[in-house]
Each structure stands twice: as C-alpha cells, then as structure tokens.
Amino acid sequence: MKKLLTALKRCVVLGAAALAIVSLQPVSAAQAAERVVGGTRAAQGEFPFMVRLSMGCGGALYTQQIVLTAAHCVGSTGPNTGITATAGVVDLQNSSGRVQVRSTYVYRAPGYNGTGKDWALIKLAQPINLPTLKIATTTQYNSGTFTVAGWGANREGGAQQRYLLKANVPFVSDAQCRSYSGYSGLVANEEICAGLPSGGVDTCQGDSGGPMFRRDASNAWIQVGIVSWGIGCARPNAPGVYTEVSTFASAIASAASSL
Ligand code: ARG
C-alpha cells in the first residue's frame, strides 16, 4: 500500500488514480475559489523559459534545445519523437504566438526508481529562440522564497489550465518536511520542500517537471527545484516536494553535453 500511495502521489496524468486519492479529502470552499493553486496569472514573457510538455507536464529551457523536466514525466532513456514542447506563450491556445517543437531524445536520470532522482532532459528537434533558465550548482539558494509556475490544476482534482499561473512558496527544511504525515520517505539530499504550514499555495497535478526558481545574487532567475510530488495539493502541513537541482547540477550538465 505504501508503494501504491507513493506511485499515486507521484502521478502525472493518472487521472482516475489521482482522483481516487484526491477524493479522500474534499477541497475546501476557500481552496476552490483560489487559483498552480493559490496563484495568479503570469504576464506574457515574464517566465520565457517555461515549457508545456504534451504528456501533461511542465519543464524549463536548460539550453535552447534541451528541456529540464521530471523523470516521472518521461519514459526510459533513448530516442523519442513522441513529445511536443510548447513555449513562448502564457496562453497555450495562442497558436500564432506559440512555438512548438518535437522531441528527439529523452534522457532520464540514471537510477531513477520512483524515489528521488526525479529529473530528466528532453532534446528538441530544433532550438527555441528564447531565454534559458540557469540551474543552481551549489546549495546557496536552497532557502528563502521561491517562485513556481505551471499550467497544472489550480486546485486539487481540478482541470489543467489554459493560462500559465505563478505563485510564491517559502522554503521548508528537510526536518520540518519529514515530520509531516506522508513525508517520512523524503530523500533529504535529493529533494527540497516548499509551502506554507497553512497550505493554500502549491503546485499541483500537471505542474510536474516545471521549475521552482528564485533570484540569485545578480538578480537573475535561478532554478533550485523541479516539481515532483506532494500529498494532495495545497493542503495544510503538506508541502510541495521538488527535486533538489543543486545536487544533480553536474550530472545534468554532463548529460546535456552528451545529447
Ligand atoms: N506529481 C504531480 C504531477 O505529475 C505534481 C504534484 C505536485 N504536488 C504538490 N502538492 N506540490 O504533476
């Protein structure tokens, strides 16, 4: 059962399965009214590195031809032309503004087995001429307030979004995070938690693979996390769990240079 629950909460487009776990806890009226959960609409061009992937995940441009996403969003490493990346728009239905490029290859984190190591790279058929998002290579930015963005559900059990939503979530220490019900399996050096004790603001189903980021010392955006999992969405005492990018920065860089 533990294993099943772990699989369920990792979800991507596990519609029915996700609903099953979701239905265990009704969404509050306050939560239902909110909109990522508890967020607001991103402005066109605000996060130009954001990518929507056709399997129902997010991602970020690591280079103009490589998307960084979650391992649980993709299949095994190898040639793959089945993924379409959409970028350049906050409105996914803006067909004149958007850029769509197919995948050519997927690289899934070596050793990924559903616990930790939740990162993957997708090589695109052509470069996309948009700004990339640099990744944290040290732990120095693994604190403070983070921004998250995505086209995923705006409430637990809710629909995928047409417009990109954004929100801010505070860092949660490994010790604090692990103390919450359902989080004892946290892989402390590979995962980083963020969220409010009271809930209300979080990533949700369909945001997976997207970046969690903040400003660096030069005021540039820097990616510190990858949306991975959580118990429900935006519940109290149930933070979002993100892949700790700094831990994998050198593995990501060397994999990318081989693609
Ligand atoms: N596993 C989800 C997905 O595939 C992401 C869940 C994030 N959940 C959270 N409460 N932060 O889209």
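Atoms within each ligand, like the ligands themselves, are counted from 1 in listed order. Keep in mind that the numbers below use all heavy atoms, side chains included, and drop hydrogens, waters and symmetry copies.
Listed by number with element, the atoms of ligand 1 under 4.0 Å from a non-hydrogen atom of Gly232 are 9 (C), 10 (N). Within ligand 1, the atoms closer than 4.0 Å to a non-hydrogen atom of Cys233 are 10 (N), numbered from 1 in the order shown. Heavy-atom contacts of Gly206 reach the following atoms of ligand 1: 3 (C), 12 (O) (cutoff under 4.0 Å). Proximity to Asp207 (heavy-atom distance under 4.0 Å) selects the following atoms of ligand 1: 12 (O). Counting atoms of ligand 1 from 1 in the listed order, those under 4.0 Å from a heavy atom of Asp202 are 9 (C), 10 (N), 11 (N). Annotation for ligand 1: atoms under 4.0 Å from non-hydrogen atoms of Gly240 are 11 (N).
Remark: Arg162 fails to qualify as a cation-pi partner of Trp151 under the 6.0 Å distance and 45° angle criteria applied to the six-membered ring.
Proximity of His72 to ligand 1 is established by a heavy-atom distance of less than 4.0 Å. At least one heavy atom of Ser228 sits under 4.0 Å from some atom of ligand 1. By the 4.0 Å heavy-atom criterion, Gly209 is excluded from the residues contacting ligand 1.
For Asn168 and Thr147, the side-chain atoms include at least one donor-acceptor pair closer than 3.5 Å. A donor and an acceptor atom, one from each side chain of Tyr141 and Ser246, are nowhere located under 3.5 Å apart. Side-chain atoms of Gln160 and Arg52 form a donor-acceptor pair, as typed in the model, at a separation below 3.5 Å. Under the 3.5 Å distance criterion, with hydrogens and angles disregarded, a donor-acceptor pair is assigned to the side chains of Ser208 and His72.
Taking the side chain to side chain contact (heavy atoms under 4.5 Å, CB included) definition, one finds that Arg102 meets it with Thr84, sequence neighbours left out. Remark: Ala188 engages Asp174, Arg178 in a side chain to side chain contact (heavy atoms under 4.5 Å, CB included) (not counting sequence neighbours).
Considering only heavy atoms from C-beta on, Val169 comes within 4.5 Å of Val148 through its side chain.
The heavy atom nearest to atom 4 (O) of ligand 1, out of those in Ala70, Ser208, Gly58, is found in Ser208.
Within the 4.0 Å heavy-atom criterion, the part of Cys204 lying near ligand 1 is the backbone and not the side chain.
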